[in-house]
Amino acid sequence: MAILRYSYGKSALATACLVVFLIVLSRISERTLHSPSFKIPSLNGPYHLAHANWSDFIGGGVSDSSMPGFARHHEACRYFPDTSNILVVVKTGATESYARIPIQLLTTLRCLPDFLIFSDMEQDIAGYHIYDSLDDVVPEVMDGNKDFNLYRRQKACIVDQQSCINSGKLVSEFDGWILDKYKNVHIAEKTYKMRTDYDWYLFIDADTYVLWNNLVQWLHELKGLPKERYYIGSVALTNDFRFAHGGSGYILSQSTMREFVGNNSGVANRYDMKAKESCCGDVVLALALNETIGVGVKYAWPTINGENPYTIPYNSREWCQPLVTMHHMNSEEVSSFWKFEKGFYESDSNSHPTLRFKDIYHEFVAPKLKSRRNDWDNMSDEVVYLDPNRGDGFLPWQRERDRLKKLQYQLHVPDIEMNAYKSFEDCRKLCKSVNNCFQFSYHTGACIYNRSFKFGKPTIKTDKDEDRWISGWDVERIQKWVEEQGQCGEHVWPDLQQDF
């Protein structure tokens with residue numbers, strides 16, 4: 001009887017759970033799909049329910065008016081804008097996906113009603129699907145091509161990818177980067193097949209940070225342009241060919257996506273061989289756009305940006321500018337910036353605040369500046385003074401910018417310049433003598449100063465003074481400059497009609 005009562009109890013519990021589930025599902029459908037404020041551009045797309053916070057629905061504390069999207073009811077999304085006309089597409093790799101994607105899911109992707117993630121292997125991370133971007137590469141390019149050794153080894157790994165990486169059997173330092181160049185055009189093609197009705201498509205890397213409030217403000221200013229063919233990004237050059245840097249992120253309009261991949265079936269395969277011969281996937285995409293539909297990249301730097309808070313060069317050119325992306329953000333940096341951004345919008349009295357470079361400086365850099373920091377590279381790279389007795393012991397870019405070499409034919413060179421390479425203090429004296437020098441660094445006979453200021457990054461610690469990397473800032477001069485900038489006026493977005 002005890003067994004019967006236990007079985008009956010389990011059956012009753014299972015029935016009750018099923019009833020609760022059906023009620024919850026009914027409520028979700030009623031509260032979302034029938035709500036005039038709710039919009040998912042493609043309900044037929046896979047995993048369109050994956051972004052719901054189910055625990056809050058079960059709690060029953062959600063009203064229709066608070067839910068323009070599945071995750072919008074979450075406290076962290078209170079100040080999140082309406083992104084229903086923008087699709088973000090994330091590019092990653094199986095060797096890094098578990099290190100980079102989870103923090104994105106918890107922060108920049110958290111409040112989105114829809115997004116796609118592509119990699120070089122099909123995976124699932126906490127219920128979110130990651131699509132294989134390379135499964136349609138033509139066999140004549142893939143077969144026997146050592147670029148795809150990693151792709152094949154990943155599929156052969158019968159345990160988790162990290163264990164195979166740790167064993168040394170899966171990946172070398174550059175394997176993932178080499179494989180990456182085949183992805184971009186395939187990702188664009190697959191994206192449009194799955195999601196055809198967005199106004200804007202933002203393509204980013206897994207270590208790119210998106211400032212959604214700024215992005216929505218900017219694209220709202222361009223509200224008539226989705227009908228035009230636009231390819232927008234931070235312009236880079238290779239052999240004088242212009243392309244949008246992939247890590248900074250690039251934006252394709254609806255018209256561009258439709259004409260490029262919607263009306264050109266199989267376009268990605270036509271560029272598989274060119275990808276093999278190229279350096280990078282973002283270059284291949286730019287080439288394909290140019291050759292297929294005659295679209296070139298529109299210049300949007302520094303709004304679309306490839307730096308992070310510690311590597312941004314702060315100066316008058318960027319100071320009052322808004323930005324929509326940053327790059328090379330590790331998980332801890334993404335988390336810190338997400339917290340800062342959330343607090344920024346919660347505390348600002350303006351109903352539509354715009355986050356600018358100056359706001360990032362005040363939060364992440366100003367509190368850390370001091371006159372000297374040992375074992376630190378503040379990434380000074382503008383004006384260079386090299387020890388002439390060290391010969392070729394410097395990097396090519398340093399030798400190319402060496403001012404002493406250019407001064408050697410002058411009859412008189414000031415001692416403060418001639419001695420700059422001798423020590424950190426000599427380098428400091430030089431910087432102090434130059435009105436627009438804000439920072440400098442000294443390392444093994446190289447004195448380098450900048451007319452902008454960055455925070456930089458730590459270097460390997462050493463007890464040998466001659467090998468130590470030392471950075472310095474003229475903190476008083478920087479503070480005075482910041483005060484002189486005063487309040488920023490109306491923000492200015494990139495002029496997409498302006499040539500690079």
Side-chain angles (χ1 to χ4, degrees), residues 96 99-100 103-104 107 173-174 176-177 204-209 211 234 236 245-249 301-302 305-315 317-319 323 325-341 357-386 393-398 401 424 427-428 431 437-475 478 482:
E96 66 171 23
R100 292 185 172 176
I103 190 63
Q104 294 281 10
T107 57
E173 184 178 358
F174 299 107
W177 186 80
I204 63 172
D205 285 355
D207 61 345
T208 307
Y209 189 97
L211 290 83
S234 177
H245 176 240
S248 303
W301 180 89
N305 198 275
E307 304 296 338
N308 66 48
Y310 301 121
T311 64
I312 289 171
Y314 297 95
N315 55 37
R317 184 176 51 185
E318 287 97 348
W319 190 250
L323 68 167
T325 61
M326 292 182 290
H327 188 217
H328 295 305
M329 300 276 282
N330 63 41
S331 294
E332 187 174 348
E333 290 168 337
V334 168
S335 178
S336 297
F337 200 91
W338 171 260
K339 180 181 179 182
F340 157 67
E341 193 179 12
F357 282 94
K358 73 176 184 68
D359 301 309
I360 298 173
Y361 165 78
H362 285 300
E363 175 70 18
F364 291 94
V365 177
K368 299 180 176 68
L369 288 186
K370 59 182 183 178
S371 60
R372 172 174 176 152
R373 192 176 288 273
N374 290 341
D375 306 306
W376 196 268
D377 177 14
N378 63 13
M379 305 174 73
S380 295
D381 59 1
E382 293 180 13
V383 185
V384 181
Y385 292 80
L386 301 180
F394 298 101
L395 296 173
W397 70 265
Q398 292 175 323
R401 301 179 190 181
F424 174 81
C427 191
R428 182 200 296 277
C431 181
C437 174
F438 289 112
Q439 69 172 46
F440 60 96
S441 68
Y442 182 81
H443 179 237
T444 60
C447 169
I448 309 175
Y449 76 78
N450 268 20
R451 303 178 186 92
S452 59
F453 41 97
K454 312 175 187 179
F455 188 55
K457 58 187 179 180
T459 59
I460 297 175
K461 289 189 176 183
T462 177
D463 294 328
K464 298 180 180 179
D465 287 341
E466 62 271 21
D467 295 332
R468 174 173 285 140
W469 208 305
I470 314 173
S471 291
W473 294 264
D474 192 327
V475 179
I478 291 172
V482 170

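What you are looking at is a predicted structure, and each value in this text was computed from that prediction instead of being measured.
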Report all side-chain donor-acceptor pairs from residues 329-336 shorter than 3.5 Å, counting only partners two or more places apart or in another chain.
{"unit_1": "Asn330", "atom_1": "OD1", "unit_2": "Glu332", "atom_2": "N", "d": "3.1"}
{"unit_1": "Asn330", "atom_1": "OD1", "unit_2": "Glu333", "atom_2": "N", "d": "2.8"}
{"unit_1": "Ser331", "atom_1": "OG", "unit_2": "Ala99", "atom_2": "O", "d": "3.1"}
{"unit_1": "Glu333", "atom_1": "OE1", "unit_2": "Asn330", "atom_2": "N", "d": "3.0"}
{"unit_1": "Ser336", "atom_1": "OG", "unit_2": "Glu332", "atom_2": "O", "d": "3.0"}

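- Checked by atom type and distance alone, the side chain of Ser441 never pairs as donor or acceptor with a backbone atom of Ile470 at under 3.5 Å.
- Under the 3.5 Å distance criterion, the side-chain polar atoms of His245 are matched with a main-chain donor or acceptor of Ser248.
- By the ring pair (Phe, Tyr, Trp, His ring centres under 6.0 Å) test, Phe453 pairs with Tyr361, Phe438, Trp481, sequence neighbours left out.
- Remark: the backbone N or O of Thr208 is paired with a side-chain donor or acceptor of Gln104 at under 3.5 angstrom.
- In terms of modelled atom types and a separation under 3.5 Å, the side chain of Trp473 and the main chain of Ile478 share no donor-acceptor contact.
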Next on the checklist: Pair Lys368, Phe455 - check side-chain contact (heavy atoms from CB on, under 4.5 Å), show working.
Outcome noted: CA-CA 8 Å; Lys368 299 180 176 68; Phe455 188 55; 3.5 Å; yes
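- Of all heavy-atom pairs between Gly456 and Met379, the closest is CA-SD, 3.9 Å.
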Checklist entry - Does the pair Glu382 and Ser452 meet the rule for a side-chain contact (heavy atoms from CB on, under 4.5 Å), with working shown? => result CA-CA 9 Å; Glu382 293 180 13; Ser452 59; 3.4 Å; yes
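- A 4.5 Å side-chain heavy-atom check between Ser471 and Arg372 finds every atom pair outside the cut-off.
- Counting heavy atoms from C-beta outward, Asn450 and Asn315 have side chains that stay 4.5 Å or more apart.
- Shown here are the ring pair (Phe, Tyr, Trp, His ring centres under 6.0 Å) partners of Trp301, two or more places apart in sequence or in another chain: there are none.
- Under the side-chain hydrogen bond (donor to acceptor under 3.5 Å, both in side chains) criterion, Glu307 pairs with Thr311, not counting sequence neighbours.
- Checked against Arg401 for a side-chain contact (heavy atoms from CB on, under 4.5 Å), the options Val383, Leu395, Asp381 give a single hit: Asp381.
- Under the 4.5 Å side-chain criterion, counting only non-hydrogen atoms from C-beta, Trp469 is not in contact with Thr462.
- One side chain, Tyr209 or Glu341, offers a donor N or O that lies under 3.5 Å from an acceptor on the other.
- Listed for the Arg451 side chain is no donor-acceptor partner under 3.5 Å among the backbone atoms of Cys437.
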Next on the checklist: Under the criterion side-chain contact (heavy atoms from CB on, under 4.5 Å), I'd like the reasoning laid out for Trp397 against Val384: C-alpha separation, chi angles, the key distance, then a yes or no.
Outcome noted: CA-CA 10 Å; Trp397 70 265; Val384 181; 4.2 Å; yes
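- Between the side chain of Gln439 and the backbone N or O of Asn378 there is at least one donor-acceptor pair closer than 3.5 Å.
- Ring-plane geometry between Tyr385 and Tyr449 is classed as parallel, the angle between the planes falling under 30 degrees on a 0 to 90 degree scale with a further cut at 60.
- Scored by the ring pair (Phe, Tyr, Trp, His ring centres under 6.0 Å) test, Phe424 finds Phe440 as partners (sequence neighbours excluded).
- Under 4.0 Å is where a charged nitrogen must lie from a carboxylate oxygen, and between Asp375 and Lys461 no such pair does.
- For the atom pair Asp205 CG and His328 NE2, the distance stands at 8.5 Å (nearest 0.5 Å).
- Annotation: the span from Glu318 atom CD to Ile312 atom CD1 amounts to 8.0 Å, rounded to 0.5 Å.
- Distance OH/Tyr314 to NZ/Lys454: 11.0 Å, rounded to 0.5 Å.
- Shown here are the ring pair (Phe, Tyr, Trp, His ring centres under 6.0 Å) partners of His362, two or more places apart in sequence or in another chain: Trp319.
- The shortest non-hydrogen separation linking Met326 to Leu211 is CE-CD1, 4.2 Å.
- A side-chain donor-acceptor contact under 3.5 Å links His327 and Asp207.
- For the pair Tyr442 and Arg428, the minimum side-chain heavy-atom distance is 4.5 Å or more.
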Checklist entry - Please walk me through it: do Ile360 and Phe337 pass side-chain contact (heavy atoms from CB on, under 4.5 Å)? => result CA-CA 9 Å; Ile360 298 173; Phe337 200 91; 3.9 Å; yes
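- Side chain of Arg317 to backbone of Pro302: no donor-acceptor contact under 3.5 angstrom is found.
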